[in-house]
*Asks:* 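So that we are looking at the same thing, I have put the structure below in structure tokens.
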Amino acid sequence: MGYVGDLRLLIGNKAINLVATAVIVVNELNEILLQKRSEPYGSWGIPGGLIELGESTESAGKREIFEETGVVVEDLKLIGVFSGEEDNYIKLQNGDEYYVVLVAYYTKCFTGTLCADGDETLDCRFFDISEIPDKLLKRHELVIKKYLEII
């Protein structure tokens, strides 16, 4: 079931803080990898997810990218940590509520073939920064903006 599932058995749907990681993967054309998510359905975002108990944010980022897109990433570089009430409150379809503390990275070092997992990821592909889909998660817009400031 995992850490979050175990925690939810104890506290139900109440709002909690959870730590997540996201990784901007950049290809040789300087395009960034985005995933079309199953929740919120049809929204686009940077691949990533919640860390498990005792897992480092870097390891979680690598695991989540592979699970959701089939890509293996290395050499993660920190973009920043994003938290607080604005744009970080999430209420899932099942009623679970949380505030995400998002640790964001980027990398140009990856291998593998893109393949959406069909569960959390409905589609995944690289986008030119000028052609980012409109239905992008707001908190991920902030991550991309910060990434563009530091490169």
Side-chain angles (χ1 to χ4, degrees), residues 1-27 32-127 132-147 150:
M1 178 173 282
Y3 170 67
V4 176
D6 292 344
L7 190 57
R8 286 295 179 194
L9 288 176
L10 297 171
I11 64 162
N13 299 103
K14 294 179 184 175
I16 55 176
N17 286 321
L18 292 174
V19 180
T21 185
V23 180
I24 293 178
V25 180
V26 183
N27 70 12
I32 64 172
L33 177 61
L34 296 177
Q35 71 175 146
K36 191 173 193 178
R37 295 170 170 246
S38 60
E39 189 162 338
Y41 187 83
S43 62
W44 286 89
I46 302 164
L50 299 173
I51 68 168
E52 293 293 331
L53 190 62
E55 186 176 35
S56 73
T57 55
E58 294 92 345
S59 293
K62 291 175 181 181
R63 175 184 53 78
E64 288 283 350
I65 297 297
F66 178 72
E67 289 174 358
E68 296 174 355
T69 70
V71 171
V72 176
V73 295
E74 297 294 333
D75 192 29
L76 303 184
K77 294 178 176 39
L78 184 66
I79 296 171
V81 178
F82 301 80
S83 61
E85 288 189 38
E86 188 174 339
D87 300 319
N88 293 298
Y89 169 77
I90 298 166
K91 185 170 184 176
L92 300 176
Q93 292 174 1
N94 67 4
D96 288 354
E97 299 177 59
Y98 65 98
Y99 290 89
V100 67
V101 176
L102 182 64
V103 182
Y105 297 95
Y106 73 95
T107 187
K108 293 184 176 188
C109 184
F110 68 95
T111 58
T113 303
L114 282 180
C115 180
D117 72 359
D119 182 27
E120 294 179 69
T121 305
L122 305 172
D123 187 10
C124 55
R125 58 184 117 135
F126 285 93
F127 288 89
I132 300 290
D134 290 334
K135 202 171 179 187
L136 184 69
L137 295 172
K138 181 69 173 167
R139 66 186 171 280
H140 290 190
E141 286 181 32
L142 300 173
V143 173
I144 292 170
K145 180 180 177 186
K146 182 70 173 177
Y147 165 72
I150 63 173

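In this text the structure is predicted, and so the values were computed from the model without any measurement. Starting from 1, each residue takes its place in the sequence as its number. Note that these values count all heavy atoms, side chains included, but never hydrogens, waters or copies made by symmetry.
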*Asks:* Would you mind reporting whether Val100 and Ile90 have side-chain heavy atoms less than 4.5 Å apart?
*Replies:*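 Contact flag for Ile90/Val100 side chains = yes.
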*Asks:* Nearest 0.5 Å, please: how far is OG in Ser83 from CZ in Arg139?
*Replies:*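 One gets 13.0 Å once the value is rounded to the nearest 0.5 Å.
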*Asks:* Given Asp117 and Thr69, is the side-chain contact (heavy atoms from CB on, under 4.5 Å) satisfied, shown in steps?
*Replies:* CA-CA 6 Å; Asp117 72 359; Thr69 70; over 6 Å; no
*Asks:* Decide yes or no for Val143 and Leu102: does some side-chain heavy atom of the first lie under 4.5 Å from some side-chain heavy atom of the second?
*Replies:*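 A side-chain contact under 4.5 Å exists here.
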*Asks:* Looking at every non-hydrogen atom in both residues, tell me the closest pair between Lys135 and Tyr41 and how far apart they are.
*Replies:*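 So the two residues come closest at NZ-O, 3.2 Å.
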*Asks:* Less than 6.0 Å separating the ring centroids of Phe110 and Tyr105?
*Replies:*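 Aromatic pair excluded; centres sit 6.0 Å or further apart.
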*Asks:* Is a side-chain N or O of Thr21 found less than 3.5 angstrom from the main chain of Val103, in a donor-acceptor match?
*Replies:*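 Yes: the side chain of Thr21 pairs with the backbone of Val103.
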*Asks:* What do the steps show when you test Val19 against Leu50 for side-chain contact (heavy atoms from CB on, under 4.5 Å), and what is the final call?
*Replies:* CA-CA 6 Å; Val19 180; Leu50 299 173; over 6 Å; no
*Asks:* Write down the atom of Cys124, the atom of Ala116, and the distance for their closest heavy-atom approach.
*Replies:*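 The answer is SG-N, 3.6 Å.
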*Asks:* Just verifying a value: how many Å separate Leu137 CG and Ser43 OG, rounded to the nearest 0.5 Å?
*Replies:*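 So the gap between those two atoms works out to 4.0 Å.
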*Asks:* Would you say Pro47 and Leu33 make side-chain contact, with heavy atoms under 4.5 Å?
*Replies:*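 Yes. Closest side-chain heavy atoms under 4.5 Å.
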*Asks:* Going by heavy atoms in the side chains, are Asp134 and Leu136 under 4.5 Å from each other?
*Replies:*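 No. Closest side-chain heavy atoms not under 4.5 Å.
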*Asks:* Which pair of non-hydrogen atoms, one from Leu78 and one from Tyr106, has the smallest distance, and what is that distance?
*Replies:*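 Taking every non-hydrogen atom into account, O-CE2, 4.5 Å.
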*Asks:* Answer yes or no: is there a side-chain heavy-atom contact under 4.5 Å between Glu97 and Lys14?
*Replies:*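 Contact flag for Glu97/Lys14 side chains = no.
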*Asks:* For Gly48 and Ile65, work out which heavy atoms get closest and say how close.
*Replies:*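 That closest heavy-atom pairing would be N-CD1, 4.4 Å.
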*Asks:* Kindly say whether Gln93 contributes a backbone atom to a donor-acceptor pair with the side chain of Glu39 at under 3.5 angstrom?
*Replies:*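 A pair under 3.5 Å: yes.
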*Asks:* Identify the two heavy atoms, one from Asp75 and one from Cys109, that lie closest to each other, and give their separation to 0.1 Å.
*Replies:*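 Taking Asp75 first and Cys109 second, the nearest heavy atoms are CB-CB, 4.1 Å.
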*Asks:* Are any of the side-chain nitrogens in Asp96 or Lys91 under 4.0 Å away from the carboxylate oxygens of its partner?
*Replies:*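 Looking at Lys91 together with Asp96, the answer is no, because their closest N to O distance does not fall below 4.0 Å.
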*Asks:* Give a yes or no on whether a salt bridge exists between Glu74 and Lys62, defined as a side-chain N under 4.0 angstrom from a carboxylate O.
*Replies:*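 Yes.
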*Asks:* May I have the step-by-step check of side-chain contact (heavy atoms from CB on, under 4.5 Å) for Leu34 and Phe126, ending in yes or no?
*Replies:* CA-CA 6 Å; Leu34 296 177; Phe126 285 93; over 6 Å; no
*Asks:* Find out whether Tyr98 and Asn88 are in side-chain contact, i.e. whether some heavy atom of one side chain is under 4.5 Å from a heavy atom of the other.
*Replies:*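 Tyr98 does not reach Asn88 side chain to side chain.
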*Asks:* So does Ile46 get a backbone contact from the side chain of His140, meaning a donor-acceptor N/O pair under 3.5 Å?
*Replies:*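 Checked: pair present.
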*Asks:* So Trp44 and Phe127, do their side chains get closer than 4.5 Å, heavy atoms only?
*Replies:*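 They are in contact (side-chain heavy atoms under 4.5 Å apart), so the answer is yes.
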*Asks:* I need the minimum non-hydrogen distance between Gly84 and Tyr99, along with the two atoms involved.
*Replies:*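 Closest heavy-atom pair between Gly84 and Tyr99: O-CD2, 4.1 Å.
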*Asks:* Side chains of Ile32 and Val25: closer than 4.5 Å at any heavy-atom pair?
*Replies:*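 Not in contact.
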*Asks:* Between Arg63 and Glu67, does any side-chain N to carboxylate O distance fall below 4.0 Å?
*Replies:*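 The answer is yes: the pair qualifies as a salt bridge.
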*Asks:* Ignoring hydrogens and geometry, is there a side-chain-to-backbone donor-acceptor pair from Glu55 to Glu52 under 3.5 Å?
*Replies:*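 At least one qualifying donor-acceptor pair exists.
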*Asks:* Please check this pair: side chain of Arg8 against backbone of Gly12, looking for a donor-acceptor N/O pair closer than 3.5 Å.
*Replies:*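 Here the side-chain-to-backbone pair exists.
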*Asks:* Under a 3.5 Å distance rule, please check whether Ser56 uses its side chain to pair with a backbone N or O of Ser59 as donor and acceptor.
*Replies:*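 Side chain of Ser56 to backbone of Ser59: a pair is present.
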*Asks:* Show your reasoning for whether side-chain hydrogen bond (donor to acceptor under 3.5 Å, both in side chains) applies to Thr121 and Gln35.
*Replies:* CA-CA 6 Å; Thr121 305; Gln35 71 175 146; 2.5 Å; yes
*Asks:* When rounded to the nearest 0.5 angstrom, what is the spacing between CD1 in Ile79 and CD1 in Ile150?
*Replies:*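 Here the interatomic distance stands at 5.5 Å.
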